[in-house]
Protein chains: 2
Amino acid sequence: MDEKDERFEQNFEGVGYLPGLAMDFVIFGFDQHQLKILILEYQNTSLYALPGGFVKEKENLNDAARRVLLERTGLSDIYIDQFYTFGDLARYDEVPLRTIMQAKGISPAADHWLLRRFISVGYYALIDFRKAAPRPDPLSDTCVWYTLDKLPTLMLDHNVIVQKALETLRADLDRKLGGYESWAAPLLPKAFTMSELQKLYETILGQKLRRSSFQRKVLGLDILERLEKQYSGGAHKAPYLYQFIAR
Amino acid sequence: MDEKDERFEQNFEGVGYLPGLAMDFVIFGFDQHQLKILILEYQNTSLYALPGGFVKEKENLNDAARRVLLERTGLSDIYIDQFYTFGDLARYDEVPLRTIMQAKGISPAADHWLLRRFISVGYYALIDFRKAAPRPDPLSDTCVWYTLDKLPTLMLDHNVIVQKALETLRADLDRKLGGYESWAAPLLPKAFTMSELQKLYETILGQKLRRSSFQRKVLGLDILERLEKQYSGGAHKAPYLYQFIAR
DNA sequence: CTATATTGTCTCAATCTGGAACAATAATAT
DNA sequence: ATATTATTGTTCCAGATTGAGACAATATAG
């Protein structure tokens, strides 16, 4: 039994993990002017789910979140935000989980720990689409990016979780924008144009913003520095490039 | 064994409750122009804690929160908000809990469920100070209002929880203010003056607001109706009374 | 009856915002 | 080479919002 199988075995039996507590992750990336999130797929079941995980007995909740993000994307030192804890009885349903396990050739006992009720802590993360290396977890087959408006129906209450994550992200935008932390950095190239930044905001907020007001407001925050070199590639005046001021 | 003792016994052994999961409540009230919160006291131990509780196996998380609020204050149909879930290892420490139990004449086994690690969901509520009938829980002796700036040192990480609740409440103020829900209603008399409302805001935010701007903004929101009758009792012009428009 | 504190209303300047205008310019079409 | 086109950087102005104060009105205390 190699290390991976061993970890799988432990995880599968729930040994060393807090019972009844899970986390679900809404991992946002930005590509082609679209907001995308990572979704796990289970072959031969047409089931889809958010990446998630469990908390070890001797592990901080937030550390568990960072670990799960690392396991799914290979990324660390990422901004994550815990946005809500989901605890409705209606949210747990053993049918899809049983289906998934059976598709993997496993016949779980009726009281298998994965089939019991879970409370789940929701986290979201904003990551660099190009740096991420999505990996499925032991029970899933693939881990893929989905555009928000082409999201499939997810298992359990995961669509609700995505919705809540998006609402929180939008509500946080203004507060975050004013803050010292340049949360937008991982979603953009190191150097970017003003219109790329604006399109990122428009995509997240789901609405158009005025060009001049946006520029005025963002530059007024003193979080960007203008670079000397310029972008080229369009049939028009070359825009300046900007980057976030390191703090 | 009467019903209360029976419930206590069950609760004390953790029977019928989700293991490892708790909730802590920051219950805000407003009195004498001060923001207060409910604190449990444990006699002969000089220990203080937030009211809290556990989730039944067949109970929605948010329903459990409403139940706990009802048990501690006698109030239902109250606006509550789940603001954060606390899951650091450092947050659990069996010493104060053991002290409390021993002060109650109980000698818990080393692996008693109350002494194990808990993840705790934080909720806050805004309640009517005058309607509340604070009641201690089975392990505590009294349940009392404390002014925020005279809060004692609380056990575990409860001071951190209060801080986070306050930050969330402040951050939510603007968003909530614009909303249709008149969250401030339970903190004020049915009819109140503009300066009472302003002082409530000032107390929560911890800063002074300009009188004319405040009046302009609040009246512009279309959530108040001015009443005919007028307040009296001060050596000055009588202010109008307002109430929230029922929706 | 006078003094006092607080209220309702108004004003004015300062600031912010929405929306448009306009010249500049890198690629493309002619 | 020159004109065309799309987009950019910048400016401007009208309208809305906000900060700060002025002032008369008035219920109670003295």
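Quick caveat, the model's predicted, so the values are computed rather than measured. Computed over heavy atoms, backbone and side chain alike; hydrogens, waters and symmetry mates excluded. Lettering of chains follows the sequences in order, A, B, ..., and the numbering in each one begins at 1.
- If you measure from atom CG of B:L219 to atom P of D:dT17, you get 15 Å, rounded to the nearest angstrom.
- Annotation: of the two residues near DNA chain C, B:L241 and B:H236, the 5′-most nearest-nucleotide partner is B:H236.
- For a distance-only test at 3.5 Å, the side chain of A:R216 qualifies as a donor-acceptor partner of the base of C:dG18.
- Regarding B:K208, its NZ atom lies at a distance of 17 Å from the C1' atom of D:dG21, rounded to whole Å.
- With C:dT6, C:dT17, C:dA24 as the choices, the nucleotide that has an atom nearest any side-chain atom of B:K237 turns out to be C:dT6.
- At a cut-off of 3.5 angstrom, counting only N and O atoms as typed in the model, there is a donor on one side and an acceptor on the other between the side-chain of B:R211 and the base of C:dG8.
- Taking 4.0 angstrom as the limit, B:S213 places a side-chain polar atom (N or O) nearer than this to OP1 or OP2 of D:dG19.
- When the nucleotides C:dG8, D:dT18, D:dA27 are ranked by their closest atom to the side chain of B:A238, D:dA27 comes out on top.
- The side chain of A:Q215 approaches D:dT10 more closely than any other nucleotide in the set C:dT9, D:dT10, D:dA29.
- The pair B:R66-B:D63 counts as a salt bridge, with a side-chain nitrogen and a carboxylate oxygen less than 4.0 angstrom apart.
- Nucleotide C:dT9 holds its C1' atom 11 Å from the OH atom of B:Y240, rounded to whole Å.
- Whole-Å rounding puts the A:L224 CG to D:dG9 P distance at 12 Å.
- At whole-Å resolution of the value, NZ in A:K217 and P in D:dG9 are 20 Å apart.
- Under 4.0 angstrom from either OP1 or OP2 of D:dT8 there lies at least one side-chain N or O belonging to A:S195.
- Of the candidate nucleotides C:dT6, C:dA20, C:dT9, C:dA20 has the atom nearest to the side chain of A:S212.
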Q) Are B:W183 and B:F30 close enough, and set up right, to give a ring-ring contact (aromatic ring centres under 6.0 Å, His included), and what steps lead you there? A) CA-CA 13 Å; B:W183 56 267; B:F30 187 62; over 10 Å; no
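- Under a 4.0 Å N-O distance rule, the pair A:D128/A:K190 does not qualify as a salt bridge.
- Rounded to whole Å, the distance from CD on A:Q198 to P on D:dG9 is 11 Å.
- Judged purely by distance below 3.5 Å, without hydrogens or angles, the side chains of A:E41 and A:Y146 pair a donor atom with an acceptor atom.
- Rounded to an integer number of Å, the gap from CG of B:L221 to P of D:dT18 is 10 Å.
- Per the geometry, OH belonging to B:Y242 stands 11 Å off P belonging to C:dT7, to the nearest Å.
- One finds a salt bridge joining B:E59 and B:R67 here, because a Lys/Arg side-chain nitrogen approaches an Asp/Glu carboxylate oxygen to under 4.0 Å.
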